[in-house]
Structures are given as C-alpha cells and as structure tokens.
There are 2 protein chains.
Amino acid sequence: MPSSVSRADFEALAEIRYRIRCFIVFSEARAREVGLEPQQHQLLLAIRGLRADVAPTVGCIAERLQVQHHSAVELVRRAVDNGLVMKRVSERDRREVLLEITPKALRLLEKLTVAHRTELRSMAPGLVAAIEAVAP
Amino acid sequence: MPSSVSRADFEALAEIRYRIRCFIVFSEARAREVGLEPQQHQLLLAIRGLRADVAPTVGCIAERLQVQHHSAVELVRRAVDNGLVMKRVSERDRREVLLEITPKALRLLEKLTVAHRTELRSMAPGLVAAIEAVAP
DNA sequence: GCACGATATATCGTGATACGACATATTTGG
DNA sequence: CCAAATATGTCGTATCACGATATATCGTGC
C-alpha cells in the first residue's frame, strides 16, 4: 500500500505554513513599528474585534487568543502597564474583569488594521489558492 | 473625517487570526502527540515540502520558516540530536549544508500530514470565508 | 594565485513569554 | 450556608528566538 501523502501534499501544506508565517512576520513588524509588542497588538485586536454581544472578559479573550487564561492575565497586565487597556470588575459577576482599550491604543490599532487589510488584500489570492490546493 | 476602519473590519481581521491560531494550536497538539516539538515538525515539513528544484540548505529552510538563519541552525541541531534530520556538506559549495529527513521522521511527518490535511479540509471553508471578508 | 569582501553556517549569552502548579475571590446549587 | 464550580491572579521554570560575534568557504579583481 503506497503512502496516502503525495509530494504535492507536502508542498501544498508547507506552502500554506510559509504564507501564514509571512503574514505573521509582516504583522509583528508593523506592530513593533508603532511601538507595540506583537502579542499586545493581538490583544487589542481580540478585544476590539469581539462581537458586540460577547462580554470582553479575560477568559473570553484567552479563548480568542488560544492561550491559557493565566497567559492572558499576564498579557493584560502588561497592556495595562503600557496604558493600552483598562480593566474594570463586572457588576453582574464580580469574578469577571471586563477589558476596554484606551483611546491611544485604539488609534494605534486602527492604523495597524488599515495596514493589515491592505497586506491581506495583496496576499489573499495566494493564500486562498494554497489552502484550496490542500482542501479542494 | 471618519475612521476608515469599520467594526466589521476589526471583527473580520480578529476572526482570521482566531482561525489561524486554532489551526496552529491543533497542529502543535498533534505534533506533541507523536513526540515531536512543534518547531521540529515544521522543520521536517519545510524540508520535505521544498520544491524538488530547490536545495534544502540551512539558509533556504530559514527563509521558508521565516526565522533568522542562526535560529534555523539551532533548530536543525536539535532535530539532528533527536534523530530526525541528517546534515551533509554540499559538494558543490562546501559552505552549504544540505538537510535530509530520516526514515523515522518521514513516517511521523506522513502521519501528521494526513491529520493536517483532514483538519484543513474541515476548517478551510470558514478560514477562506474569513479571509474574503477582509479581502474581497 | 592571493588579498578581500561576500556568503553560509555555527556559537554563546540574554530576554521575553507561555506554561504548570498553586492561590484567592465569587457565584451557584443543594 | 457549605461545597463545588468558575474566574482571575501569582510565582517559578524552561524553552526558544534573537543579537552579537566567530569561523569557513567562495568569488573576484588585480
């Protein structure tokens, strides 16, 4: 029985990862250019990009960032130290902490989001093609 | 002048990052399940997924992994220690080191690649839709 | 054919960060 | 009103990518 994985499969999967990494590296470079650590940029995007009907708690953000909750706790603490995020205890459930990004952070995030939208529009065809080569 | 970034833009960009992270987390979990460090799995995929007409040198792999060359050097060293990769000096240019994955590593990579192909087929529609929401 | 800049790989020390283990605070259900 | 569940927070550790630097090899001008 021959392998069920062809050379083309390896190439296509490697190509997806390569293109994703290019996007991530681009993103991290843009974030640092405006003085943000890449993870803190992702935190801001996760908070601001949450659907309006979802409460921006630490746990929810941890899920969206796909990290353990205590990693999110530390990330939020650094962001608060840098004046990017504000915490406030939820009134409904005082175990929960609601997150909000500061006006300064929002300006940086908007600037970064414009750059990312532009870059994505440029790389989307290649990335989508790579994905569809693996998952037709 | 209003912001050129809408709420939908933030949500769509955040959604792309979320789905990419889900894929990465899935990938890292599968790699660890077969006893590979995620980066070493990526190294194997990068080597095996190289186009046939490209020489698998350390520098080339560093570019495909989007890391600095000395990061690739250390990654390769760990992979060699683990019996996953073999190095041999290029005859054409003795500065270059050509990389080859071992039969054992190839078996692991094939197994992982099957799992990734399956997962990608499952998540591709959502990911592509998210990309096209930002880059129509 | 040799000096020198360019290129490819390697080494070492460091800093950031994500995680596991554990702790605290609050809510909920019987 | 107590115990289990849930949400957040703290601390120590280990991994890993990077910058700075070093070594080896190649190519070129002279």
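The analysis underlying the following values was restricted to heavy atoms, covering all of them including side chains, and did not include hydrogens, waters or symmetry mates. If you're wondering where the values come from, they're calculated on a predicted model, not measured in any experiment. The sequence lines fix the lettering, A, B, ..., with proteins before strands; numbering per chain opens at 1.
When the C1' atom of D/dA17 is taken as reference, atom CZ of A/Arg21 falls 14 Å away, rounded to whole Å. Remark: C1' of D/dC16 and CD of B/Gln40 are 11 Å apart, rounded to the nearest angstrom. If you measure from atom CD of B/Glu63 to atom P of C/dA8, you get 12 Å, rounded to the nearest angstrom. Atoms CG (B/Leu43) and P (D/dC16) sit 12 Å apart, rounded to a whole Å. The CD atom of A/Gln68 sits 14 Å away from the C1' atom of D/dA7 (whole-angstrom rounding). Rounded to an integer number of Å, the gap from CD of A/Glu37 to P of C/dA18 is 10 Å. Spacing between atom CZ of A/Arg78 and atom P of C/dG15 amounts to 16 Å, rounded to whole angstrom units. Rounding to whole angstrom units, CD1 of residue B/Ile61 and C1' of C/dA8 are separated by 14 Å.
The side chain of A/Gln39 places an N or O atom within less than 4.0 Å of a non-bridging phosphate oxygen (OP1 or OP2) of C/dA18.
When all heavy atoms of B/Glu11 and A/Arg51 are compared, the closest pair comes out as OE2-CA, 3.8 Å.
Going from atom CD1 of A/Ile101 over to atom CG of A/Leu45 covers 9.0 Å, rounded to the nearest 0.5 Å.
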Could I get a table of every N or O pair under 3.5 Å where one atom is in the protein and the other is in nucleotides 9-12 of chain C?
unit_1: C/dT9; atom_1: OP1; unit_2: B/Val58; atom_2: N; d: 3.3
unit_1: C/dT9; atom_1: OP1; unit_2: B/Val97; atom_2: N; d: 3.1
unit_1: C/dT9; atom_1: OP2; unit_2: B/Gly59; atom_2: N; d: 2.7
unit_1: C/dT9; atom_1: O4; unit_2: B/His69; atom_2: NE2; d: 3.3
unit_1: C/dA10; atom_1: OP1; unit_2: B/Lys87; atom_2: NZ; d: 2.5
unit_1: C/dC12; atom_1: N4; unit_2: B/Glu74; atom_2: OE2; d: 2.8

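Side-chain atoms of A/Gln66 come within 3.5 Å of backbone N or O of A/Glu63 as a donor-acceptor pair.
Comparing A/Arg94 and B/Asp93 along DNA chain C, the residue whose closest nucleotide (by nearest heavy atom) sits nearer the 5' end is B/Asp93.
Residues B/Gln39 and B/Arg78 have side chains that never bring a donor and an acceptor to within less than 3.5 angstrom of each other. Counting only N and O atoms by type, the side chains of A/Ser27 and B/Arg17 include a donor and acceptor under 3.5 Å apart.
Heavy atoms from other residues, nucleotides or ligands lying under 6.0 Å from CZ of B/Arg121 number more than 12.
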